[in-house]
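Throughout, a chain's letter reflects where its sequence line sits, starting with A, and its residues are numbered from 1. Reckoned from all heavy atoms, side chains included, excluding hydrogens, waters and symmetry mates. This one's a predicted model, so the numbers in the text were calculated from it and none came from an experiment.
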Amino acid sequence: MYSEKVMDHFSNPRNVGEIEDADGVGQVGNPVCGDVMKLTIKVEKDQILEAKFKTFGCGAAVATSSIITEIVKGKSIDEALEISNAAIAEALDGLPPQKMHCSNLAADALHLAVDDYLVKNGMEPRANKPSHEEEDHEEEQID
Amino acid sequence: MYSEKVMDHFSNPRNVGEIEDADGVGQVGNPVCGDVMKLTIKVEKDQILEAKFKTFGCGAAVATSSIITEIVKGKSIDEALEISNAAIAEALDGLPPQKMHCSNLAADALHLAVDDYLVKNGMEPRANKPSHEEEDHEEEQID
Amino acid sequence: MKNKIYFDHSATTPVLPEVAEEMNRYYIDEWGNPSSLYQTGQSVKIKVDEARAKVADAIGADPKEIVFSGSGTEADNYAIKGAYRAKLKKGNHIICFGLEHPAVIEPCKYLEKKEGAEVTYVYPDKTGVLDSDAIEEAITDKTILITVMMANNVIGTIQPIKEISKIARDHKITFHTDAVQAVGNIKVDVDELGIDLLSMSAHKFHGPKGVGALYVRKGMSLNTLIHGGSQERGRRSGTENVAGIIGLSRALEIANKEIDFKKEHLSRLRDRVVKGVLDNIPDVSYIGDTKKRLPGNACFSFKYIEGESLVLHLDMAGIATSSGSACSSKSLEPSHVLLGIGMSAVEAHGSLRVTLGRSSTEEEVDEFLEVLPGVVDRLRQMSPFNAEKEEEYLDETEDHNIAHEHPDQHFSAES
Amino acid sequence: MKNKIYFDHSATTPVLPEVAEEMNRYYIDEWGNPSSLYQTGQSVKIKVDEARAKVADAIGADPKEIVFSGSGTEADNYAIKGAYRAKLKKGNHIICFGLEHPAVIEPCKYLEKKEGAEVTYVYPDKTGVLDSDAIEEAITDKTILITVMMANNVIGTIQPIKEISKIARDHKITFHTDAVQAVGNIKVDVDELGIDLLSMSAHKFHGPKGVGALYVRKGMSLNTLIHGGSQERGRRSGTENVAGIIGLSRALEIANKEIDFKKEHLSRLRDRVVKGVLDNIPDVSYIGDTKKRLPGNACFSFKYIEGESLVLHLDMAGIATSSGSACSSKSLEPSHVLLGIGMSAVEAHGSLRVTLGRSSTEEEVDEFLEVLPGVVDRLRQMSPFNAEKEEEYLDETEDHNIAHEHPDQHFSAES
Ligand SMILES: Cc1ncc(COP(=O)(O)O)c(C=O)c1O
Ligand SMILES: Cc1ncc(COP(=O)(O)O)c(C=O)c1O
């Protein structure tokens, strides 16, 4: 179901945890829906030095959380705001269709964290609305 | 599908043919329907000495024709008129349900032959209406 | 107990040993549920996907266009009922070829009886080949579905699918073809032939019984027949018949590789059968089209004798064949296919179908040709009919039955 | 690739080697079509009849009451749609147990949406056991069908079928039970239990996938689902899945012989699982009834973590299990079974189902118990929730999603 890259990030998630004195915090999802991601970032001179995550969710949720902490490292605020959920999925060599807009919230969490940083530092929030492509669900089920 | 006894009579039919100077002739069935039996009998002093058949039809039709030529041998006219299609089927250890009232016309042919004999000899015909039990068809088919 | 010579490959075919062996793996080693998340399940899901791709490839389709089913019959039911119910808003008229298999005809009849369908049955001439004009003429503004089989199961006739599908497409009508007898035996490409829906069945090409597939052209909406856990992307629920699907795909792959060989081999043997029968037995006719025909199919009608008896006598001689007679069909009526090409019931009763397969040999054909004349002769000896009684034999109007004397009894119509 | 430990026997089971071997005969040796007149076909017909008798015998039925199908799902569809359509003149009301498998629920929903059915879904208390009074209360003068599964696939709960069927019978309402999880695992007698229609599926008791059966009480009229060549006495057309039918019958025969053994063996192992989990892991609850339960079923909910991740981690440790979480169900919603017994969505997301089988061992259970705490702990370390954030975790009303800030986006409901 999942690509090797997804499974790699799922089984060896990078940067799990919470940055204690985070400069920005973003939490998205809802436990009712089965996926919650909390991303904390350390920012210096508009550059993201570090990111950590805590995630309640499925394989895709964990893997997208994990990879975004790697991708975002060293990126500027501007660059971070450019990262989309689709790009994250691509970086993981794709996600199963039904996971595309359910468990792929990492970019949203990042944008929220960046906004949090901006607001905390007296700037305007800049994140766009989250963009979720509509994909057809391959419905399946367990028995 | 067929009992051993049916297959025995089908593969080695007894008394195939036509009695040349028959005392009674009975033909039933219709080629359109797939079964036609012609029974000829030799009668002396109201006793059936011999019976021969010619049949166009399926395994059941041939077997019922064959066995009736054996059963009827030596029987009186009265006894012959008592023989039913059901009795013929039984004598063959049964017929498949869908064959019960389609290909089991031997008793009818016999009764017609007897009537023919009676009429030819100036007597009243005595055969009853043919009696066909209703059986449920096991529908099947070829592919 | 098996027959020594099997000449009924249109009824079913043996599973190839390599196909059976591969299926066995999916009972013993790879038995997981493809819907399960873990290895045991996912590794099977991958195999099912590969099988789907193979099947798609074999008919020039995309894997997403393949829906596996529990038989050719289910594929036909799903196509006919599914298309009708999905398109009911546009109209309620179906055009159905008169020589279709019951798997197509019966769903049509059901829709007529229960769901307001109007069905026009179109018939061919005596070769069994449909004139596509007949389709064109039958179209009304309510027509939503045309169904014409690719190759007939009784007489082997192959239809001008491309012409018919073009008419359907020109009128924006969904076109279904029952290709159960065609797939694996002749080349089939859904795009080239312009097909929207196509049914196949594994056991007709040396795969297992109880598994089929429906090709559903992308974008076609079909009402679901079997609802549940959303397998087959919601189109056909129920845990996948994994081994069956693997068996179907593998058998089809092999069958398609052998198509050229079969065409040559089977037509040659078939022609030998036909020549042998026609040359050596009097009062017999060859049924169906001589050219537009499945390579392995030969179908005859023998005068004065009845098909079931013929089949049983050949069986006793170790040869498996079939007949369209009423008695052998068990439907109490002679084959609608034979009646549908204008044969009389009597002729239909005397029919014999011989269908050869990949492993059929010249020796088998010769043995068949040696046995057959004696059997026919023996049955004719036993028959009350012959050339002298031709009139009585052929007379379909007169009822030779004593039922005439007992008008309240009408068993004769069913005999 | 297979898991070392398979604890998901409710999803599917491996085919027993002796069953697979017997099936193989019907691919290679006895491959005739049962509808054919000659030896090659008739000898197979006899075997299919024997298989039918075996299956009938296993549930106390008559062979004529058994209709083979292409899956448990098809059997359920046939029962629900067939009974509804046949009895529509008497009424249009169906009573459906709320915890049914999609193979029952989806046909009900289809009939609601497309064919004028009114369906009342009745729910149990948190043990999952239905109170038969709830059925009695739901009955109207339009009720024509009651469907209650014998044993649940997620939580293993066994229903008081005898009580419910009595109510149905008293009101002259047809009673169907989906016994797919029950047959072969617990004793089933259709007369003793008063059942009119019963579904089973071979792959749940070490038979092949893609074959099931419906028991249809004598005299019951059912509208046909699949029309065609009139196999199964006209009730389910399509060339018989001969090997599958043989496999089903043989597997059922063996499964029934092992019922007492399984009851003892599986309950013992299951109790060991339950004790091991509850004793060694905090914040976990055992779901379902403790007594009225399939012997091999254990189902848990772990706080603060999500089921798919749990299943995937166990998979990495070589253990196959399943979960009723939204993500693992692929339906984008957590199991309706867990919600149906009053669990919150969050609890349902944390569910884990362990289902043991005939070859499960104590060693496997112990390995599972050794692996599980570490996996749960690791996931909890990764979780943004914990006992201190209990409120946030349990709060189903507040939406933690940024969608709140973008009210025109409602993806959160689907995430
Ligand atoms: C309770 C229940 N009913 C029906 C089914 C469907 O049976 P099948 O998998 O044979 O379609 C299943 C299993 O998938 C089940 O657990
Ligand atoms: C033309 C045709 N259509 C449909 C079918 C039905 O397929 P199945 O036997 O798989 O149900 C058959 C064969 O039985 C057939 O010959």
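- Between chain D and the residues C/Gly32, C/Pro208, C/Ser201, the largest count of heavy-atom pairs under 4.5 Å involves C/Gly32.
- The neighbour count for D/Lys87 NZ, taken as heavy atoms of other residues, nucleotides or ligands under 6.0 Å away, is above 12.
- Heavy-atom pairs under 4.5 Å with chain C were tallied for D/Thr13, D/Ile46, D/Val242, D/Val15; the largest tally goes to D/Val15.
- Using a 4.5 Å cut-off on side-chain heavy atoms (C-beta onward), D/His203 and C/Trp31 make no contact.
- Heavy-atom minimum distance, C/Ala20 versus D/Asn24: CB-OD1, 3.6 Å.
- Contact count versus chain D (heavy atoms, under 4.5 Å) is highest, among C/Thr224, C/Ile245, C/Asp29, for C/Asp29.
- Other residues, nucleotides and ligands contribute more than 12 heavy atoms inside 6.0 Å of the CD atom of C/Glu18.
- Listed options C/Arg236, C/Lys109, C/Gln39, C/Glu106 were ranked by heavy-atom pairs under 4.5 angstrom with chain D; first place goes to C/Gln39.
- The contact between D/Tyr6 and chain C is made entirely by side chain atoms (from C-beta outward), counting heavy-atom distances below 4.5 Å.
- Of the options D/Val311, D/Thr321, D/Leu314, a side-chain contact (heavy atoms from CB on, under 4.5 Å) to C/Leu37 is made by D/Val311 and by none of the others.
- Ring geometry for D/Tyr27 against C/Tyr27 counts as parallel: the plane angle stays under 30°, on a 0 to 90° scale with 60° as the upper cut.
- Proximity to chain D (any heavy atom under 4.5 Å) is shown, for C/Ala243, by neither the backbone nor the side chain.
- If you measure heavy-atom distances from D/Met23 to chain C, the contacts under 4.5 Å come from the side chain alone.
- Heavy atoms of other residues, nucleotides or ligands lying less than 6.0 angstrom from CD of C/Glu50 number more than 12.
- Top candidate by heavy-atom pairs under 4.5 Å with chain D, chosen from C/Lys2, C/Lys209, C/His227, is C/His227.
- Put simply, of D/Val19, D/Ile226, D/Leu312, the one with the most heavy-atom pairs under 4.5 Å next to chain C is D/Ile226.
- Neither the backbone nor the side chain of C/Ile105 has a heavy atom closer than 4.5 Å to any heavy atom of chain D.
- Of the possible donor and acceptor atoms, none in the side chain of D/Asn33 sits under 3.5 Å from a partner among the backbone N and O of C/Thr12.
- Within the 4.5 Å cutoff, side-chain heavy atoms of D/Asn3 are placed close to those of C/Tyr38.
- Annotation: side chain of C/Asp8 is not in contact with side chain of D/Thr40 (no heavy-atom distance under 4.5 Å).
- When the heavy atoms of residues 68-81 of chain D are compared with those of chain C, the residues falling under 4.5 Å are D/Gly70, D/Ser71, D/Thr73, D/Glu74, D/Asn77, D/Lys81, listed by number.
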